[in-house]
Structures are given as structure tokens and as C-alpha cells.
S.K.: 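Here you go, one structure.
Computed from a predicted structure; not experimentally measured.
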Amino acid sequence: RIDVIATAIKGNLTVFDLPEIEITYAPPFNSAKDPVNIVGYTAENMLNGNLEMINYDDLFQYQEDKNAILLDVRTPTEFARGSIKGSINLNVDDLRENLTQLDKNRNYVIYCQVGLRGYLAYKILKNNGFKVVNLNGGYGLWSMIYPN
């Protein structure tokens, strides 16, 4: 993947070009959308304002904000194994059915293990009128930096 990114840089491509790069695909070794494509989609969403992210070191201000809710969208089993202090758990698979339990006047910080489910939860909440940001790197990154 690094050589693909290096070639893109040498070829003066931008993050907006990365989703369109064609990369060899073989099911045992790779998904149809290569991680290089996914990086491009993510960067594109962030630069276009379609995804609001915060980094782990920005989370402290949300933890101190009485109007903010940390929402862990992993499974209850994952949540029981560890979570960010002060979080509530609502599995992303159950989110749509539980939107009425959430307050649109609150600010939500969404996270999952690494980012995909957090992104899905972000889109669900954002499209339903909630104020929301997604924690970059999810609980996986958080727990490496701040182990319990």
C-alpha cells in the first residue's frame, strides 16, 4: 500500500483521486475496495465536511462538557470489555430503533472499535438532525494511548 501512496504522491494525485485508483483484487488477499480507496473516501468526506472528526486529545473537552454524551456504538460484549469513562452503549445495529431515546439538544461523540461502525452511526444520527462528531481511531486507538 505504501508504494501505491508513494506513486500517487509522485504523480501529483490528491486524496480526491485515491477512491478512483484501480488496485488488483483477489478475495483471499484483499477486499473489492482497497484500503487506499477507503483512505481516499475518508479524507474526501472530512475535507468536504461530510464527516466531522475529533482526535483523541480533543475528547477531554467533550468529557467536561455537561451537554455532551459519549456514545459507544460497539456491541454490549465489546463495551463490557472496556470503554471510555462516562460512555453509554448503544449498538449501531439498534440505533435506528432507539433514536427517540436520544436528545437532539445534546452533542454526541460517537466511537466504535476503529471507525467503520462509528461512521455509520455518525451518518444515521446526522441524517436525523443530531449534533455529532466521530472519534478518530475509535476505542482501539484510545485504549492504546490511555490503557486502563
Side-chain angles (χ1 to χ4, degrees), residues 1-5 8 15-148:
R1 307 274 169 2
I2 292 172
D3 54 348
V4 172
I5 297 293
V15 294
F16 298 102
D17 297 312
L18 296 181
E20 304 302 321
I21 291 177
E22 291 293 333
I23 300 188
T24 304
Y25 164 63
F29 307 107
N30 198 6
S31 59
K33 290 293 182 189
D34 189 85
V36 170
N37 302 122
I38 302 303
V39 165
Y41 289 127
T42 302
E44 190 174 56
N45 281 334
M46 291 172 67
L47 291 170
N48 288 337
N50 295 327
L51 175 63
E52 296 171 65
M53 303 278 289
I54 64 164
N55 292 320
Y56 67 90
D57 54 343
D58 297 322
L59 187 60
F60 298 111
Q61 73 186 36
Y62 287 90
Q63 288 176 307
E64 294 173 3
D65 181 355
K66 302 264 188 258
N67 195 43
I69 295 176
L70 276 74
L71 183 59
D72 184 328
V73 297
R74 298 174 301 155
T75 66
T77 303
E78 290 173 295
F79 183 76
R81 284 190 220 133
S83 65
I84 299 172
K85 184 179 179 185
S87 299
I88 62 170
N89 180 233
L90 181 55
N91 188 340
V92 68
D93 294 337
D94 302 324
L95 191 56
R96 283 186 179 90
E97 294 81 26
N98 290 287
L99 289 175
T100 57
Q101 295 180 24
L102 302 176
D103 183 353
K104 287 188 178 181
N105 295 314
R106 304 290 294 271
N107 300 317
Y108 290 88
V109 177
I110 304 298
Y111 71 92
C112 64
Q113 188 63 29
V114 293
L116 176 60
R117 291 174 288 175
Y119 171 76
L120 297 174
Y122 173 90
K123 295 306 275 184
I124 291 167
L125 292 176
K126 197 71 167 173
N127 289 335
N128 282 281
F130 289 88
K131 295 173 274 189
V132 59
V133 295
N134 193 5
L135 178 61
N136 194 9
Y139 182 72
L141 179 60
W142 175 267
S143 64
M144 285 192 288
I145 296 169
Y146 303 105
N148 291 334

S.K.: Starting from the C-alpha separation in whole Å, work towards a yes-or-no answer on side chain to side chain contact (heavy atoms under 4.5 Å, CB included) for L102 and L125.
M.R.: CA-CA 10 Å; L102 302 176; L125 292 176; 3.7 Å; yes
S.K.: Heavy-atom distance under 4.5 Å between the side chains of I54 and L59, does that happen here?
M.R.: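 Side chain of I54 against side chain of L59, heavy atoms only: contact under 4.5 Å found.
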S.K.: Checking L90 against V73 for the side chain to side chain contact (heavy atoms under 4.5 Å, CB included) test, could you report, in this order, the C-alpha distance in whole Å, the side-chain angles of both residues, the deciding distance, and whether it holds?
M.R.: CA-CA 5 Å; L90 181 55; V73 297; 5.6 Å; no
S.K.: Would you indicate whether the side-chain heavy atoms of V36 and I5 approach each other to under 4.5 Å?
M.R.: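 Result yes, sub-4.5 Å side-chain heavy-atom pair found.
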S.K.: With the side chain counted from C-beta on, respond yes when L71 and V109 share a heavy-atom pair under 4.5 Å apart, and no when they do not.
M.R.: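 No, their side chains stay 4.5 Å or more apart.
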S.K.: For the CG atom of L51 and the OH atom of Y41, what is their distance to the nearest 0.5 Å?
M.R.: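 Interatomic distance, L51 CG to Y41 OH, rounded to 0.5 Å: 15.0 Å.
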S.K.: So which heavy atom on Q61 is nearest to which on D58, and how close?
M.R.: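 So the two residues come closest at CG-O, 3.1 Å.
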S.K.: Scan side-chain atoms only and decide if Y139 and S87 contain a donor-acceptor pair under the 3.5 Å cut-off.
M.R.: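 No - no donor-acceptor pair under 3.5 Å links their side chains.
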S.K.: Given side chains that start at C-beta, do those of F16 and L47 come closer than 4.5 Å, heavy atoms only?
M.R.: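 In contact.
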S.K.: Indicate yes or no for a side-chain donor-acceptor contact from D65 to the backbone of N67 under 3.5 Å, with no hydrogens or angles considered.
M.R.: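 Yes, D65 side chain to N67 backbone: donor-acceptor pair under 3.5 Å.
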S.K.: Name the orientation class of the two ring planes belonging to W142 and F60 (parallel below 30°, tilted from 30 to 60°, perpendicular beyond 60°).
M.R.: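 Rings of W142 and F60: tilted, 30 to 60°.
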S.K.: Might you point out which heavy atoms bring N37 and P19 nearest each other, and give the distance in Å?
M.R.: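 Minimum heavy-atom separation between N37 and P19: ND2-O, 3.2 Å.
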S.K.: Taking all heavy atoms of C112 and all of G118, pick out the closest pair and write down the distance.
M.R.: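 Taking C112 first and G118 second, the nearest heavy atoms are SG-N, 3.1 Å.
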S.K.: Within the structure provided, determine whether Y108 and L70 are in side-chain contact (heavy-atom separation under 4.5 Å).
M.R.: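 A side-chain contact is absent here, since even the closest heavy-atom pair is not under 4.5 Å.
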S.K.: Which distance, rounded to the nearest 0.5 Å, do you find between the CG of L120 and the CD1 of I110?
M.R.: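 Reported to 0.5 Å precision, the distance equals 11.0 Å.
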S.K.: Side chains of E52 and K126, heavy atoms from C-beta outward: is any pair under 4.5 Å?
M.R.: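 Yes - at least one pair of side-chain heavy atoms lies under 4.5 Å apart.
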S.K.: Between OH of Y122 and CG of L95, what distance do you get to the nearest 0.5 Å?
M.R.: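 Going from OH on Y122 over to CG on L95, the span is 14.0 Å.
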S.K.: Judged by atom type as modelled, is there a donor-acceptor pair below 3.5 Å linking the side chain of D72 to the main-chain atoms of I88?
M.R.: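 No; judged by distance alone, with no hydrogens or angles, the pair does not exist.
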S.K.: What I'd like to find out is whether the side chain of P76 reaches to under 4.5 Å of the side chain of N91, using heavy atoms alone.
M.R.: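 A side-chain contact exists here, since the closest heavy-atom pair is under 4.5 Å.
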S.K.: What do the steps show when you test Q63 against I84 for side chain to side chain contact (heavy atoms under 4.5 Å, CB included), and what is the final call?
M.R.: CA-CA 10 Å; Q63 288 176 307; I84 299 172; 3.5 Å; yes
S.K.: I'd like to know if the side chain of Y111 and the backbone of G140 have a donor-acceptor N/O pair within less than 3.5 Å.
M.R.: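 No, because the side chain of Y111 does not come within donor-acceptor range (under 3.5 Å) of the backbone of G140.
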S.K.: Drop me the distance from Q113's CD to F79's CZ, to the nearest 0.5 angstrom.
M.R.: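 Separation between the atoms: 13.0 Å.
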S.K.: Taking only residues two or more places apart in sequence or in another chain, which ones pass salt bridge (Lys or Arg N to Asp or Glu O under 4.0 Å) with R1?
M.R.: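 By the salt bridge (Lys or Arg N to Asp or Glu O under 4.0 Å) rule, R1 matches D34.
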S.K.: Provide the full list of salt bridge (charged side-chain N to carboxylate O under 4.0 Å, His left out) pairs with a residue in residues 15-32, sequence neighbours left out, each pair given once.
M.R.: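 Applying salt bridge (charged side-chain N to carboxylate O under 4.0 Å, His left out) to every pair that reaches into residues 15-32, excluding sequence neighbours, yields nothing.
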S.K.: In residues 127-137, what donor-acceptor pairs under 3.5 Å come from side-chain atoms, sequence neighbours left out?
M.R.:
unit_1, atom_1, unit_2, atom_2, d
N127, ND2, K123, O, 3.1
N128, ND2, I124, O, 2.7
K131, NZ, N105, O, 3.3
N136, ND2, N55, OD1, 3.0

S.K.: Once salt bridge (Lys or Arg N to Asp or Glu O under 4.0 Å) is applied, do any residues pair with E78, and if so which ones, sequence neighbours excluded?
M.R.: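 Applying salt bridge (Lys or Arg N to Asp or Glu O under 4.0 Å) to E78 gives R117.
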S.K.: Tell me the salt bridge (charged side-chain N to carboxylate O under 4.0 Å, His left out) pairs involving residues 132-143, sequence neighbours left out?
M.R.: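 Output for this query is empty, none listed.
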S.K.: Does I145 CD1 have over 12 foreign heavy atoms under 6.0 Å away?
M.R.: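 Above 12, so yes.
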S.K.: Which pairs pass salt bridge (charged side-chain N to carboxylate O under 4.0 Å, His left out) with one or both residues in residues 89-115, sequence neighbours excluded?
M.R.: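 Salt bridge (charged side-chain N to carboxylate O under 4.0 Å, His left out) check on residues 89-115 returns no pairs.
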